[in-house]
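Read through the structure below, which is laid out as C-alpha cells, and then see the notes.
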Amino acid sequence: MRHSAPGLAKQAHLDEPRPGSLTIGYVPNEQSLPKENPPRFSWLPDIDDGARYVLRISTDPGFADDKTRTFPDLAWNFFTPDEALAEGRYHWSYGLWDQKTATCSSNWSAVRSFEVSEALPQTPLPGRAARHAASQTSHPRLWLDPDQLKSFAAAVAKDPGHCGWSDFVEKSVKPWLERPIVEEPRRYPNNVRVATLWRQMYIDCQEVIYAIRHLAIAGRVLGRDDLLDASRDWLLAVASWDTDGATSRAYNDEAAFRVVVALAWGYDWLHDHLSEEQRDTVRTVLLRRTREVADHVIAHARIHVFPYDSHAVRSLSAVLTPACIALYGESDEAVEWLDYTVEFLATLYSPWAGTDGGWAEGPHYWMTGMAYLVEAANLIRSYIGFDLYRRPFFQNTGRFPLYTKAPGTRRAGFGDDSTMGDLPGLKVGYNVRQFAGVTGDGHYQWYFDRIKADAAGTEAAFYNYGWWDLNFDDLVYRHDYREVAAASPADLPALAVFHDIGWAAVQKHMDDPDRHLQFVFKSSPYGSLSHSHGDQNAFVLYAYGEDLAIQSGYYIAFNSSMHLNWRRQTRSKNAVLIGGKGQYAEKDKALARRAAGRIAEVEEKPGHIRILGDATAAYQVANPLVQKAEREIHFVNDSYFVIVDQVECSEPQELQWLCHTAGASQIGRSSFRYNGRKAGFYGQFVFSSAGTPQITAVEGFPGIDPAELEGLELHHHVCATAPPATSHRLVTLLVPYSLKEPKRIFSFIDDQGFSTDIYFSDVDDQRFKLSLPKQF
C-alpha cells in the first residue's frame with residue numbers, strides 16, 4: 001500500500017517555489033547531505049502564511065506505509081524529528097495539512113533523497129508535546145528554578161565567594177542601590193537618527209537589565225527585601241515607559257530588545273514579590289513588547305524564509321527566549337513563539353554558518369551572535385532539558401575565533417568590527433570559554449585566559465559594558481559548567497579551513513607572542529551580505545606581535561560614510577581592483593550575495609601550504625568585463641608568502657594590487673617595505689605578465705567625510721598598478737620579520753627586477769638567496 005492523501009495519488013506534484021539566493025532551500029537533498037542525525041528539513045512555504053504541513057520520510061521511494069514515518073500538522077516550513085534515523089538511504093516529501101480532515105490536503109512535493117551514515121552526530125529535537133511537559137510553571141525559571149535557587153542560596157551562605165558571588169554582589173549589585181532609576185530615553189531630535197544618541201539609548205537600556213536582574217537575583221539569594229524592593233522600583237518604572245516611544249522595536253530595536261529582557265528577568269525573579277496588580281501591569285507590557293518583536297521576526301522579516309537578517313535572527317536568542325520562558329503558561333502566544341524559537345535554533349540556525357563552526361559575518365559578529373546564543377542555549381537547557389550544544393556547529397565553533405581573531409591581533413580580521421583597532425574584546429574570550437565548558441577543549445580555556453589578561457581594564461568599554469555584564473556571565477558559567485584546564489595551542493594544526501563560509505587561516509606559534517604569525521584569507525560564498533564586505537580573495541597578516549597587512553579604516557557606525565564608502569569596499573582591503581573597480585558591496589542584498597567567492601583548493605605539505613580562491617563572481621557584479629579573478633596563496637617554510645593573482649577580462653583592464661598598513665611604507669621600483677613598532681614585512685613584485693607595475697604610496701581614506709576622522713589616526717596603503725591587459729599574472733612575494741631579531745631585518749634591495757632569484761641581506765651585508773616554489 002502506498003502512503004498518499006485520498007484521491008491525490010495520480011495528481012501532479014505540489015507547485016513548489018524556486019529558492020533564491022536569499023531564501024532557505026529544500027534540504028536535505030542529493031547535493032546537500034545531512035551533517036547531523038536526524039537531518040534538518042526545510043522547504044519554501046506555501047503562499048498562505050497560515051498553512052500547516054505534513055512531512056513524510058521513508059526508506060522506500062514509493063512511501064510504503066510500513067517503511068514510512070509521517071509528521072502531521074507542522075506549524076512551519078522547517079522541522080527536526082525527535083528521533084535519529086538508522087543508517088541508510090531515505091526519501092522525503094511534504095504536503096499541506098488539513099486540520100479538519102487530518103489528512104494531506106494537497107499534492108505531495110517532489111521526492112528528495114539523502115543518505116544517513118552511522119558516523120553522523122545524533123541530535124534529535126524533542127517534540128512539542130515532550131517540551132511542553134518539561135516546562136515549569138513556578139518562578140523563577142530563568143537560569144535557576146526554585147530548587148536550584150534554594151541550593152545556590154545555601155552554598156552562598158556557607159561560602160560568599162561561591163562561583164564568584166561576592167565579586168558579583170560588590171561590582172554588579174551594590175552600585176544599583178545608589179544609582180537613580182534611568183529616565184525613559186527620548187526620541188531623536190526631529191526623529192532623525194543620531195549614532196551617538198542611538199548608542200547612549202541602548203546603553204541606558206542595558207543598564208536597566210543590570211539593575212533589575214542583579215538586584216532581583218541578589219535579593220532572592222540573600223533573602224533581602226531592600227534589594228527586592230529596589231529591583232521592583234526599577235521594574236515598575238520601566239514598565240511605565242511608552243511602548244510606542246523611543247524604546248519600541250520600530251524606533252530603536254537595540255533599545256527595545258534590552259527593555260524586553262529587563263522586564264522578563266524582573267517579572268520572573270520578582271514574581272512572588274509583586275502584588276497581583278503589579279504582576280498584571282508588568283505582564284501586559286512584557287507581552288505587548290514581546291509581541292512587537294515576535295511579529296517582526298515571524299510575520300515581517302520572515303526569517304524562516306529569508307534568514308539573512310542579522311538583528312531578527314539574534315532577537316530569537318536575545319529576546320524571545322527569555323521573554324517567552326518568563327511568560328510560559330500565561331500566554332498561548334508566548335508558548336507558540338517559544339516553540340518557533342527553539343525549533344529555529346535547532347533546525348535553521350545559523351544562516352551565517354555551517355557545521356565547520358565559522359561565521360560568515362566575521363569574528364566580531366560571531367562574538368555578538370554567540371553571546372546571545374549562549375545565554376539562550378543555557379536558558380533552554382535549564383528550562384526544558386534540551387541541549388543545543390550537541391549540534392556540530394556548536395561543537396566546532398570555538399575554533400573560529402581561535403584561528404581568526406587570535407590574542408594580540410587588532411586589525412587582522414574581516415567584517416564589521418566596533419572595537420576600532422583595540423585588542424579582541426573580553427566577550428569573545430568569555431564565549432570561547434563557554435565552549436571549553438561544552439566540549440572540554442583546553443585550548444579554548446587557554447584562549448580565554450589570554451584574552452582576559454590582555455584586555456584587562458576594558459570592562460567599561462562600550463563594546464563590553466554596553467552589551468553585557470561580565471561578572472554576571474562569570475557567575476552563571478561557574479555555576480553551570482565544570483572547570484577546564486588550559487592547554488597550550490602549540491599542538492594545534494597550523495591550518496584551519498572553514499569551507500562553509502570560505503575562510504582559511506594559518507596560525508604559527510600562537511603560544512609565543514614574539515614569534516606568533518596569523519594569516520587569514522577569505523573567499524566567501526556569502527559575498528558582501530550583511531556585515532560582510534567586498535573582500536573576497538583578500539588577506540590580512542599579523543606577525544611577531546604586530547598587525548602588518550590590515551583591514552583599514554574604522555567602523556564608526558553602520559551606514560556612516562566611512563562604513564559605506566571605505567570599510568565595505570574592496571579598496572580598503574588587501575586585494576586587487578580590476579579596471580579601477582572592486583567587488584559589489586552596496587545595499588542590494590541579492591547582488592551582495594551574488595558577489596561571492598569560493599575557496600577552490602587547499603593543499604598542505606611539509607613546509608608548504610597552498611590556498612586557491614576564486615572571486616570571479618564577486619568582481620563580475622560590478623565589472624562584467626571580468627572573466628576570471630583568482631588568487632593563489634603559498635605559505636613557504638613557515639616564513640614567507642607568495643601571492644599569485646590571475647585575472648582575465650574581455651577587454652584590456654588595469655590591475656591594481658593593494659596592501660594596507662597602519663603606517664607609511666617605503667617604496668621602490670618593484671618592491672616596498674613596511675616597518676611598524678615590533679615587526680615589518682618586505683614585498684616584491686616578482687613577475688607581472690602585463691609589464692612593470694607602477695607603485696605609489698597613499699595616505700588616508702580618499703573621499704571620506706573628514707568630520708568622521710576627527711581624532712583618528714590615518715592609515716596607509718601601497719597601490720601597484722599594472723598596465724591594461726586582457727590577461728594578468730602578477731606574482732608577489734611577502735616576507736614578514738621581527739624587529740627584535742637583527743638577522744631577520746632585510747636591507748631594502750631594489751635592483752633585482754622581476755628575477756625569480758630574490759636576494760636579501762642581513763645587517764652584516766651577508767647575502768642569501770630565497771628560493772621560490774618551482775612553478776615560479
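Residues take their numbers from the sequence shown, with the count starting at 1. Scope of the values below: all heavy atoms of this structure, side chains included, with no hydrogens, waters or symmetry mates.
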Exercise for the section: Mind checking salt bridge (Lys or Arg N to Asp or Glu O under 4.0 Å) for Glu601 and listing every partner two or more places apart, or none if nothing turns up? Expected result: Arg610
Fill in the blank from the handout: Residues at least two apart in sequence or cross-chain that pass ring-ring contact (aromatic ring centres under 6.0 Å, His included) with His304, listed by chain then number, are Trp76, Tyr340
Handout entry: Any donor-acceptor pair under 3.5 Å from Asp547 side chain to Thr409 backbone
Key = no
Listing, residues 717-726 side-chain donor-acceptor contacts under 3.5 Å, not counting sequence neighbours, or none:
none

Problem - Partners passing salt bridge (Lys or Arg N to Asp or Glu O under 4.0 Å) against Arg89 (at least two apart in sequence or in another chain) - result: Glu30, Glu115
Handout entry: Close aromatic pair by centroid cut-off 6.0 Å: His516 and Tyr542
Key = yes
Problem - Parallel, tilted or perpendicular: rings of Phe394 and Tyr349 (30°, 60°) - result: parallel
Fill in the blank from the handout: Here the gap from Trp566 atom CH2 to Asp705 atom CG, rounded to the nearest 0.5 Å, amounts to 14.5 Å
Problem - Contacts of Arg571 that satisfy salt bridge (Lys or Arg N to Asp or Glu O under 4.0 Å) - sequence neighbours left out - result: none
Practice task
Name all pairs fulfilling the side-chain hydrogen bond (donor to acceptor under 3.5 Å, both in side chains) condition that reach into residues 577-593, sequence neighbours left out, sorted by first residue then second.
Solution key: Tyr308-Arg593, Gln569-Glu586, Gln583-Tyr619
Exercise for the section: With sequence neighbours excluded, tell me which residues meet ring-ring contact (aromatic ring centres under 6.0 Å, His included) with His91. Expected result: none
Problem - Partners meeting salt bridge (Lys or Arg N to Asp or Glu O under 4.0 Å) with Arg598 (sequence neighbours left out) - result: Asp614
Handout entry: Qualifying ring-ring contact (aromatic ring centres under 6.0 Å, His included) pairs with a residue from residues 405-425, counting only residues at least two apart or across chains
Key = Phe414-Trp503
Practice task
Please identify each residue that fulfils side-chain hydrogen bond (donor to acceptor under 3.5 Å, both in side chains) with Gln653, with sequence neighbours left out.
Solution key: Asn623
Exercise for the section: May I ask you to decide if the ring planes of Phe114 and Tyr90 are parallel, tilted or perpendicular, using 30° and 60° as cut-offs? Expected result: parallel
Practice task
Give me the ring orientation class for His533 and His563: parallel if the planes are under 30° apart, tilted from 30 to 60°, perpendicular past 60°.
Solution key: perpendicular
Practice task
Kindly write out the residues that satisfy ring-ring contact (aromatic ring centres under 6.0 Å, His included) with Tyr94, not counting sequence neighbours, or none if the list is empty.
Solution key: Trp43
Exercise for the section: Please identify each residue that fulfils ring-ring contact (aromatic ring centres under 6.0 Å, His included) with His509, with sequence neighbours left out. Expected result: none
Practice task
Name the orientation class of the two ring planes belonging to Phe78 and Phe344 (parallel below 30°, tilted from 30 to 60°, perpendicular beyond 60°).
Solution key: perpendicular
